[in-house]
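In what follows, a single structure is set out as structure tokens and then discussed.
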Amino acid sequence: MKLRVSICTTSGFLALVLRRTLAGSPHVEPSIDHRTAADALAVLRAPEGLAIIDVELLVDEQDGGALRDALTSRAVPSIVVDARGRGVPADVAAAPAVVVVRGRRSGELDLETIEAELLAAVGSARRLRFGKSGELQVAEARAAMPAERAEPTEAPLELIVIGVSTGGPTLLLRLFEDVAEPAIPLLVVQHMPASETPGFAARLGEHTGLAVREVTAGPVPPAGVIGVLRGGGDLRLVRRAGALHLRHATLEGNPFHPNVDEVLASAVEAGVALGAVILTGMGQDGAAGALAMARKGLPVIAQRPDTCAVGGMPQAVIDNGAARWVKSPEAIAAALNAWSDLARRAAPAGGSRCLA
């Protein structure tokens, strides 16, 4: 059954963008739009459905204060959209049942960010609303994990590495449906036999329409091409004449091939401006490499364990304090797109950067 969504904004154009973006989700059904704070307040007082509230309505002289109070006290999840980056009141942003989508250009309508992150916000709101039993579980969900944040990092990255194991192929096929062509070199380190990675790379490319290929020792594929590391053996990253290369590695006693820790730790050693995502998987591969990244101030995202086929790998990254964010698959896709958007905006200022 689809969740009915009420869109509350004074802007007919923003309502159109929100409605069009929501059409990309099979789980929701937009209902009628509402144009005033009084109407939005009536929506929040109803127990059913999901409300999307434009932050502009919170400054309405007559009903804005009551709308703000309703948002902060409501147990049913709501989404607050700040499309112009003017700021969300701190009490609203901190409310346990409020998911915020923020524009990044102060005073300007940032439709790109809204379009990239709205569905992830809807996914977060749905998980806050419904547990496995269908009961409302806002308090438990908020207590169990850090809030999902929209901003993925502060500076452009040079490379993204995704580490994944059990449950990975199914998740990656779904995850990359929502990922645009990456503007940063991106490597997938999936525990898999050597016989399987060529076919998986081809299937991922065919399914998503993205450029995907199996890679082994040699230059790291350029931005726009997703590299799936060849299975059955281990690789490490090195910097040669300023460019990033993969080199074969031999790890004694390593049961996981290719090894996520080796890729991450070697990238840190090479001074790579690296971002990492640790997804579903058994064991702790990736935790040590992620911790090395965190000590250098590099961004690490862990998949929410409750969304994993097996939560061991991301839970290990959360437990050792390396995860800067803990996100759902939808929010991870939005973060990958945001990392690419940041790289595109920074491109005119110069090429890739590395850590000193």
Side-chain angles (χ1 to χ4, degrees), residues 1-35 39-40 43-44 48-58 71 76-86 88 92-93 97-130 147-152 173-183 207-210 307 325 327-342 344-345:
M1 183 177 179
K2 291 187 176 182
L3 181 65
R4 291 181 64 81
V5 179
S6 297
I7 298 171
C8 306
T9 174
T10 59
S11 169
F13 180 64
L14 179 58
L16 179 65
V17 172
L18 295 174
R19 185 175 286 274
R20 182 184 65 192
T21 306
L22 290 171
S25 171
H27 305 295
V28 298
E29 180 181 13
S31 61
I32 61 174
D33 298 343
H34 302 273
R35 293 286 184 261
D39 289 341
V43 168
L44 291 183
E48 300 298 327
L50 173 66
I52 298 179
I53 309 291
D54 186 350
V55 75
E56 307 285 338
L57 293 175
L58 302 182
L71 280 168
V76 178
S78 307
I79 296 173
V80 173
V81 174
D82 181 15
R84 292 177 174 81
R86 291 177 178 167
V88 178
V92 173
V98 171
V99 180
V100 178
V101 178
R102 293 181 175 88
R104 295 189 176 87
R105 295 194 291 271
S106 179
E108 298 181 25
L109 195 61
D110 186 0
L111 297 181
E112 291 180 1
T113 296
I114 300 306
E115 291 175 335
E117 299 181 359
L118 181 63
L119 292 184
V122 169
S124 297
R126 290 182 69 250
R127 276 182 295 277
L128 288 176
R129 183 178 176 89
F130 300 112
E148 293 179 351
R149 296 189 234 171
E151 55 279 359
L173 288 168
R174 176 163 54 92
L175 178 70
F176 277 105
E177 288 178 346
D178 297 322
V179 173
E181 179 182 291
H207 183 79
T208 63
L210 299 170
T307 68
W325 299 282
K327 292 180 175 285
S328 64
E330 295 89 346
I332 289 170
L336 293 173
N337 289 334
W339 276 341
S340 285
D341 289 342
L342 187 62
R344 291 187 185 96
R345 291 196 295 271

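These values consider heavy atoms only, across backbone and side chains, with no hydrogens, waters or symmetry-generated copies. Source: prediction; values computed, not measured.
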Check: S31 side chain, V5 main-chain N or O, donor-acceptor pair, under 3.5 Å: yes
Heavy-atom closest contact (V88 atom, A93 atom, distance): CG1-N, 4.0 Å
P329 to R174 - nearest heavy-atom pair and separation: CB-NH1, 4.1 Å
Separation of D39 CG from T9 OG1 (nearest 0.5 Å): 12.0 Å
Approximate separation, where rounding is to 0.5 Å, of L18 CG and D33 CG: 8.5 Å
Smallest separation among heavy atoms of A51 and V43, with atom names: CB-CG1, 3.7 Å
Reported CD-to-CZ distance for the pair E56 and R84, which is rounded to 0.5 angstrom: 5.5 Å
Closest contact, heavy atoms only, A180 versus L210: C-CD2, 4.1 Å
Contact check, side chains of T208 and L173, non-hydrogen atoms, under 4.5 Å: no
L22 side chain near I7 side chain, heavy-atom distance below 4.5 Å: yes
Side chain to side chain contact (heavy atoms under 4.5 Å, CB included), paired with V92, selected from L71, V100, D82: L71
Reported OG1-to-CD distance for the pair T307 and E330, which is rounded to 0.5 angstrom: 8.0 Å
Distance in Å, L57 CG paired with H34 NE2, rounded so as to fall on 0.5 Å steps: 11.0 Å
Heavy-atom donor-acceptor pair, D178 side chain to N337 backbone, under 3.5 Å: no
Spatial distance of atom CD1 (I32) from atom OG (S6) [nearest 0.5 Å]: 7.0 Å
Test item: S340 side-chain N/O and A183 main-chain N/O as donor-acceptor pair under 3.5 Å: yes
